[in-house]
Amino acid sequence: MTSGSAGFVAEGAPAAGQDDAVLPFAVEPLDLRGRLARLGPALDSILTRHAYPEPVARLLAEAAALTVLLGSVLKSGGRFQLQTRSDGPVDMIVVDFDAPDRLRAFARFDAARLPPQGSVAAEALLGRGHLALTVEQGGEITRYQGVAPIDGGSLEQAAKIYFQQSEQIPTFIRLAAGQVVTPAGTAWRAGGLLAQFLPHSEERRRQADFPPGDAPEGVQPHHWSEDDALGDSWTEAQALAATVEDHELLDPGLSSEGLAYRLFHERGVVVFPAHPLRDSCRCSNERVESMLRGFSQAERDDMVGEDGMIGVTCEFCSTLRRYDPKHFRKV
């Protein structure tokens, strides 16, 4: 690999991959920008502490990979949240990414409705509902939320619909999740590839048919589809990205740089410094105490358990905190 001012050209592959990181890359001749996500120990910690059934863990792992692919572009201090609400056995997923590197996630499911063990498609778990993506960049920048339908499909399909309807950016997404055998035992991993057609030139921008922004009332916005004349570049970019295999996204011995090289080396791919990730929850004693003080005295009395204490378990990190109800009574 040769160093560059903003990144480096992927000319080969290190012997092993970097876990829990997102690698940005660019293929300039194709006007392609993208990111590769590889989740390892951080994801395994999130999933194993909840002891999710295998199909639920796999789905949540895919959601985590999608979240870091989308949220890792935020500046320090920003927050990105992915949330699903649906009528399937897994009726709710929440994944939070707090820039620059904190990740947490949980899934709510009905064990009685889960399909029998075995290979279970995401469609059977999600059902119908919606995918919501929320961005909070901090400061004076307003909060933004985009919503896409989940219509008996996968998270990949819902994300693709989101980019078609909300962002109007030609986008390719591939997610993979599974368990691998390591010297320490079986561990969960996930990976994801996001590639977008983002041309610089005005001619190529018109070819991609980007929306004009906030048009006056009555003006119909432009829409693109994969059948539109986006040009040979996007067609070629999709074809190259589509050669990625699930096992490549999960292989702990294959680096993201090496995978980027394998996919796009014929066109020249430049990779940039990877963004590390970690399993970290934002809950704290102060936050929980503040929440409890927001309830009425009668509501707090109903929370008291048989041991005479108020117990609160974080849905994300499963940390159990106990509080003496006397601590909240006004003198």
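All figures in this text were calculated on a predicted structure; none of them were measured in a lab.
A donor-acceptor pair under 3.5 Å is formed between the side chain of R287 and the backbone N or O of R282. The closest donor-acceptor contact from the side chain of Q165 to the backbone of Y162 lies at 3.5 Å or more, if one exists at all. Under the 3.5 Å distance criterion, the side-chain polar atoms of R38 are matched with a main-chain donor or acceptor of L254. In this structure, R49 contributes its side chain and S318 its backbone to no donor-acceptor pair below 3.5 Å.
Using a 4.5 Å heavy-atom threshold, the side chains of V68 and L103 count as touching. When side chains are defined from C-beta on, D20 counts as touching P41, because their heavy atoms get closer than 4.5 Å. Counting heavy atoms from C-beta outward, F264 and L32 have side chains that approach closer than 4.5 Å. Side-chain contact between F25 and V270: absent, with no pair of heavy atoms (C-beta onward) separated by less than 4.5 Å. Annotation: side chain of D302 is not in contact with side chain of V304 (no heavy-atom distance under 4.5 Å). No side-chain heavy atom of E286 sits under 4.5 Å from any side-chain heavy atom of M291. Two residues are said to be in side-chain contact when any heavy atoms from C-beta on lie closer than 4.5 Å; L277 and D19 fail this criterion. When side chains are defined from C-beta on, L240 does not count as touching L263, because their heavy atoms never get closer than 4.5 Å.
A continuous path of ILVMFWY side-chain contacts below 4.5 Å connects Y144 to L133, so both sit in one hydrophobic cluster. I161 and I93 end up in different hydrophobic clusters when Ile, Leu, Val, Met, Phe, Trp and Tyr side chains are linked at under 4.5 Å. Linking ILVMFWY side-chain heavy atoms closer than 4.5 Å, directly or via other members, places L36 and L250 in two distinct hydrophobic clusters. Linking Ile, Leu, Val, Met, Phe, Trp and Tyr whenever their side-chain heavy atoms come within less than 4.5 Å puts L69 and V135 in one cluster. Linking Ile, Leu, Val, Met, Phe, Trp and Tyr residues whenever their side-chain heavy atoms come within less than 4.5 Å places L126 and L114 in a single cluster.
When all heavy atoms are compared, the tightest approach of A105 to I46 is O-CG2, 3.7 Å. G268 and P29 make their closest contact through O-CD, 4.2 Å (heavy atoms, listed as atom of the first residue, atom of the second, distance). Shown here for E62 and A177, the closest heavy-atom pair between the two residues is CG-CB, 3.9 Å. In terms of heavy-atom proximity, A242 sits nearest to R174 at O-NH2, 4.0 Å. For the pair A107 and V90, the tightest heavy-atom approach, listed with the atom from each and the gap, is CB-CG1, 4.3 Å. For the residue pair P325 and G308, the shortest heavy atom distance occurs at CD-O, 3.2 Å.
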Worksheet item: Under the salt bridge (Lys or Arg N to Asp or Glu O under 4.0 Å) criterion, do R58 and E54 qualify, and how do the steps go?
Response: CA-CA 6 Å; R58 185 183 300 273; E54 189 274 338; 2.4 Å; yes

Practice prompt. Evaluate side-chain hydrogen bond (donor to acceptor under 3.5 Å, both in side chains) for Q145 paired with T134, printing each intermediate quantity in order.
Written response: CA-CA 4 Å; Q145 183 176 76; T134 305; 2.8 Å; yes

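A salt bridge does not link D44 to R189: none of the charged nitrogens lies less than 4.0 Å from a carboxylate oxygen. Residues D87 and R128 are not paired through a salt bridge, judged by the lack of any N-O separation under 4.0 Å between the basic side chain and the carboxylate. Taking 4.0 Å as the cut-off between side-chain N and carboxylate O, R104 and D279 do not count as a salt-bridged pair.
The side-chain hydrogen bond (donor to acceptor under 3.5 Å, both in side chains) check on D307 picks up R322, with sequence neighbours excluded. Under the side-chain hydrogen bond (donor to acceptor under 3.5 Å, both in side chains) criterion, Q83 pairs with no residue, sequence neighbours left out. For R113, the side-chain contact (heavy atoms from CB on, under 4.5 Å) partners are P89, D110, not counting sequence neighbours. Residues passing the side-chain hydrogen bond (donor to acceptor under 3.5 Å, both in side chains) test with E248, sequence neighbours excluded: R262. In this view, E299 and F295, S296 satisfy the side-chain contact (heavy atoms from CB on, under 4.5 Å) rule, not counting sequence neighbours. Partners of R267 by salt bridge (Lys or Arg N to Asp or Glu O under 4.0 Å), not counting sequence neighbours, listed by chain and number: E236. The salt bridge (Lys or Arg N to Asp or Glu O under 4.0 Å) check on E156 picks up nothing, with sequence neighbours excluded. By the side-chain contact (heavy atoms from CB on, under 4.5 Å) test, D301 pairs with Q297, R329, sequence neighbours left out. Every residue two or more places apart in sequence or in another chain that forms a side-chain contact (heavy atoms from CB on, under 4.5 Å) with T313 is listed here: L320. Residues satisfying the salt bridge (Lys or Arg N to Asp or Glu O under 4.0 Å) criterion with R108, sequence neighbours excluded, are D91. With sequence neighbours excluded, the residues satisfying side-chain hydrogen bond (donor to acceptor under 3.5 Å, both in side chains) with R321 are N285.
Note: F316 and F106 meet the aromatic proximity criterion, with ring centroids under 6.0 Å apart. For F172 and F197, the gap between ring centers reaches or exceeds 6.0 Å.
Interatomic distance, S154 OG to L131 CG, rounded to the nearest 0.5 Å: 10.5 Å. In this structure, L198 CG and L30 CG are separated by 12.5 Å, a value rounded to the nearest 0.5 Å.
The salt bridge (charged side-chain N to carboxylate O under 4.0 Å, His left out) analysis of residues 308-320, with sequence neighbours excluded, yields no pairs.
When only modelled atom types and interatomic distance are considered, R293 and H327 share a side-chain donor-acceptor pair under 3.5 Å. With 3.5 Å as the limit, one finds a donor-acceptor pair spanning the side chains of T171 and Q196.
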